[in-house]
> 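Before I ask anything, let me first share the structure, which is written out below as structure tokens.
The residues of the chain are indexed from 1 along the displayed sequence.
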Amino acid sequence: HVQLVESGGGSVQAGGSLRLSCAVSGYDALYLCMGWFRQAPGKEREGVAVINRRGTTRYADFVTGRFTISKVNAEKTLYLQMSNLKPEDTATYYCAAQYTGISGCYATSLAPASFDYWGQGTQVTVS
């Protein structure tokens, strides 16, 4: 059973940076597709960035060039480096994992429904 624990959220001024971390346990992160999602009050959860078994990444248009997703398998940790933050980036950010079989996950979907395991979320506030 995959367990995910996010950290690194906080409050920052517009134009600032934050790095979110997600600790992975219960399964080898190497074989999972992993992603970052966010949900603002009154809005649906949306995909921010994903990374698959091959290291292929995909970003939502609204973060391209500002955010970078990375996964350090040896550390069992997923990261999201966020730069040039805007007030509209304010949301709860969630780490998620997708399992598609023992050969590993090669998908690049940003759809929340594609992901099987979720962390508890970490708040990011940009003012």
Side-chain angles (χ1 to χ4, degrees):
H1 182 71
V2 178
Q3 294 184 311
L4 307 170
V5 179
E6 303 97 333
S7 60
S11 296
V12 64
Q13 291 188 335
S17 299
L18 280 174
R19 188 177 77 159
L20 304 183
S21 300
C22 173
V24 184
S25 61
Y27 199 79
D28 191 338
L30 174 66
Y31 296 94
L32 300 170
C33 286
M34 299 202 68
W36 289 98
F37 298 79
R38 71 185 188 185
Q39 188 167 18
K43 295 188 177 182
E44 293 187 353
R45 190 169 298 187
E46 59 185 357
V48 175
V50 297
I51 185 168
N52 69 11
R53 165 76 170 87
R54 191 176 285 118
T56 302
T57 58
R58 182 179 177 188
Y59 295 90
D61 289 343
F62 53 78
V63 301
T64 300
R66 300 190 298 125
F67 293 8
T68 302
I69 188 171
S70 61
K71 180 160 61 84
V72 181
N73 296 316
E75 297 177 0
K76 301 180 181 180
T77 304
L78 178 75
Y79 297 99
L80 184 69
Q81 177 67 49
M82 304 186 294
S83 302
N84 191 21
L85 282 161
K86 304 175 181 181
E88 52 264 42
D89 294 319
T90 296
T92 300
Y93 283 72
Y94 297 90
C95 169
Q98 180 182 13
Y99 173 80
T100 60
I102 60 174
S103 62
C105 175
Y106 295 89
T108 55
S109 172
L110 284 168
S114 298
F115 286 73
D116 308 297
Y117 303 96
W118 293 85
Q120 82 288 350
T122 186
Q123 179 67 36
V124 172
T125 302
V126 185
S127 60

> Using the rule that two of Ile, Leu, Val, Met, Phe, Trp, Tyr join whenever any of their side-chain heavy atoms come within less than 4.5 Å, decide whether Phe115 and Tyr99 are in one cluster.
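Each belongs to a different hydrophobic cluster.
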
> Taking the side chain as every heavy atom from C-beta outward, state whether Asp116 and Val2 have any atom pair closer than 4.5 Å.
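Asp116 vs Val2: side chains apart.
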
> Could you tell me if the side chain of Arg38 sits less than 4.5 Å from the side chain of Lys43, heavy atoms only?
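Side chain of Lys43 against side chain of Arg38, heavy atoms only: no contact under 4.5 Å found.
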
> Throw together a table of side-chain donor-acceptor distances under 3.5 angstrom for residues 49-61, partners on residues two or more places apart or in other chains.
residue, atom, partner, partner atom, Å
Asn52, OD1, Arg54, N, 2.9
Asn52, OD1, Gly55, N, 3.0
Asn52, OD1, Thr56, N, 2.9
Asn52, ND2, Tyr106, O, 3.0
Arg58, NH1, Thr108, O, 3.0
Tyr59, OH, Ile69, N, 2.9

> Tell me whether the guanidinium CZ or amine NZ of Arg45 lies under 6.0 angstrom from the six-membered ring centre of Tyr94 and within 45° of its axis.
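Yes.
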
> Group every Ile, Leu, Val, Met, Phe, Trp and Tyr by side-chain heavy-atom contacts under 4.5 Å, then state whether Val72 and Trp36 land in the same group.
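Hydrophobic grouping puts Val72 apart from Trp36.
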
> Give me each pair satisfying side chain to side chain donor-acceptor pair (under 3.5 Å) with a member in residues 76-85, each pair once, sequence neighbours excluded.
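Sorted pair list: Glu75-Tyr79.
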
> Does Glu44, at its CD atom, have more than 12 non-hydrogen atoms belonging to other residues, nucleotides or ligands within less than 6.0 Å?
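Count not over threshold, so no.
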
> Do the ring centers of Phe37 and Trp118 come within less than 6.0 Å of each other?
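Distance test on ring centres: under 6.0 Å, yes.
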
> Are Gln98 and Met34 close enough that some pair of their side-chain heavy atoms sits under 4.5 Å apart?
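No. Closest side-chain heavy atoms not under 4.5 Å.
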
> Between Ala40 and Ala91, which heavy-atom pair has the shortest distance, and what is it?
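That closest heavy-atom pairing would be N-CB, 3.9 Å.
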
> Measure from the side-chain N and O atoms of Glu6 to the backbone N and O of Cys95, and report whether any donor-acceptor pair falls under 3.5 Å.
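Yes.
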
> Under the criterion side chain to side chain contact (heavy atoms under 4.5 Å, CB included), I'd like the reasoning laid out for Val126 against Gln13: C-alpha separation, chi angles, the key distance, then a yes or no.
CA-CA 5 Å; Val126 185; Gln13 291 188 335; over 6 Å; no

> Between CG of Leu30 and CG of Asn73, what distance do you get to the nearest 0.5 Å?
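Going from the CG atom of Leu30 to the CG atom of Asn73 covers 4.5 Å.
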
> Any pair with a residue in residues 19-35 that passes side chain to side chain donor-acceptor pair (under 3.5 Å), sequence neighbours left out, goes on the list, sorted by first then second residue, please.
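Not a single pair qualifies under side chain to side chain donor-acceptor pair (under 3.5 Å).
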
> If you define the side chain from C-beta out and look only at heavy atoms, does anything of Leu85 sit under 4.5 Å from Leu18?
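The answer is yes, as the side chains (C-beta and beyond) meet within the 4.5 Å cut-off.
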
> Do the non-hydrogen side-chain atoms of Tyr93 and Met82 ever get within less than 4.5 Å of each other?
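Side-chain contact under 4.5 Å: yes.
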
> Check for a donor-acceptor pair, side chain of Thr125 on one end and backbone N or O of Ser11 on the other, with a separation under 3.5 Å.
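No, because the side chain of Thr125 does not come within donor-acceptor range (under 3.5 Å) of the backbone of Ser11.
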
> Taking the side chain as everything from C-beta on, heavy atoms only, tell me whether Leu20 gets closer than 4.5 Å to Leu78.
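No, every pair of side-chain atoms sits at 4.5 Å or beyond.
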
> If you apply the rule side chain to side chain contact (heavy atoms under 4.5 Å, CB included), what do you find for Val24 with Leu4, and how did you get there?
CA-CA 5 Å; Val24 184; Leu4 307 170; 3.9 Å; yes

